[in-house]
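We count ligands from 1, going down the list as the structure has it; atoms in each ligand are counted the same way. The shown structure was predicted, so the numbers you read here are calculated from the model rather than taken from an experiment.
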Amino acid sequence: MSASPFTPTRRESVTAHGELRLIALIRRWLGDASPRSPFGIGDDCAVIPPTKNQQLVTTDPVIHGQHFDDTVPPRAVGAKLLKRNLSDIAAMGGRPVAAVVSLALAPDTRIAWLRGFYLGLADSARRYSVKIVGGDITQGPKGFFGAFLTLHGESTGRRVVTRGGAKRGDRIYVTGVLGGSLRGHHHRFTPRLAEGAWLAGRPEVRAMMDVSDGLAKDLESLTPAGLAPALDAGAIPISAAARRSARQSGRAPLAHALGDGEDYELLVVVRGRRAAPAFERAWQNRFPEVKLTAIGTFAPKNHLPAGALRLADYRGYEHLR
Ligand SMILES: [Mg+2]
């Protein structure tokens with residue numbers, strides 16, 4: 001089934017409406033996901049009330065041809081735009097608060113498609129308690145659709161968890177299963193907000209990030225100088241989608257799990273080995289349905305155990321390559 005954002009028929013396109021009419025439509029589509037000004041659309045800026053927590057900001061787009069294609073329904077595209085930003089808030093243990101959305105729209109963008117996009121965005125915003133408080137529309141070139149969301153959030157407890165802080169001997173964990181995301185997970189995933197907030201409250205968690213570009217690449221950002229991840233290839237949780245992709249590509253399922261990207265799972269570094277059993281039991285009690293897998297440890301770069309996975313052989317997705 002095809003859901004192209006574009007139409008050759010002028011009266012079905014955004015050009016048939018003026019900008020003001022389009023903004024009125026967008027506000028209607030967003031409904032109560034978009035509050036009135038000043039905490040919402042309608043003034044020069046949206047006003048976000050102060051809180052005592054640390055403030056978080058992140059931004060990520062969805063661009064046609066890059067983050068979705070015509071096989072993805074417009075509602076799922078709108079939801080994905082918010083969820084990929086939510087995954088970043090989750091990765092620091094935060095909770096989301098408010099978002100602004102900028103669109104770069106081709107004149108031949110289909111109104112019905114755009115409506116689906118905003119309905120999906122609004123559904124997702126309600127579900128995760130995010131207010132859409134502002135935005136902007138710019139005309140883009142023919143055949144271009146890009147939506148850019150900036151998400152504000154705040155810490156849920158005393159701290160936010162960063163990518164820095166891993167030490168020699170620390171354990172590396174990953175939530176869920178990896179690979180084959182293009183088969184649907186890339187827009188159907190649930191951002192790990194509850195998990196991230198819980199992990200930030202655990203003192204044995206030293207560092208965290210979300211897996212967006214593939215484990216093989218993302219893990220580099222968690223690795224301190226002088227150390228290297230010593231991963232057990234047999235422990236990597238490979239998704240059924242990665243196995244299906246492997247049957248088509250002729251590559252190993254492990255290569256898909258490590259390199260495909262858009263997993264939106266959490267990579268977690270946990271202090272030492274001794275903390276592991278209690279940590280794993282606590283996870284099991286709190287999230288019995290969510291898989292958490294110990295995949296390796298951080299070891300000195302020059303003393304990697306024999307048989308440790310060579311990550312360089314499984315380069316992840318690289319932007320602008
Ligand atoms: Mg991220």
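- Scanning for side chain to side chain contact (heavy atoms under 4.5 Å, CB included) contacts around Q284 gives an empty result, with sequence neighbours left out.
- With sequence neighbours left out, the salt bridge (Lys or Arg N to Asp or Glu O under 4.0 Å) criterion links R115 to no other residue.
- No side-chain heavy atom of T59 sits less than 4.5 Å from a side-chain heavy atom of L149.
- Judged purely by distance below 3.5 Å, without hydrogens or angles, the side chains of T58 and D88 pair a donor atom with an acceptor atom.
- Inside a sphere of radius 2.8 Å centred on the Mg ion (ligand 1), the protein N/O/S atoms present are D88 OD1, D210 OD1.
- Looking at H256 and S249, their side chains do bring a donor and an acceptor atom within 3.5 Å of each other.
- For F68, the ring pair (Phe, Tyr, Trp, His ring centres under 6.0 Å) test picks out H64, W113, with sequence neighbours left out.
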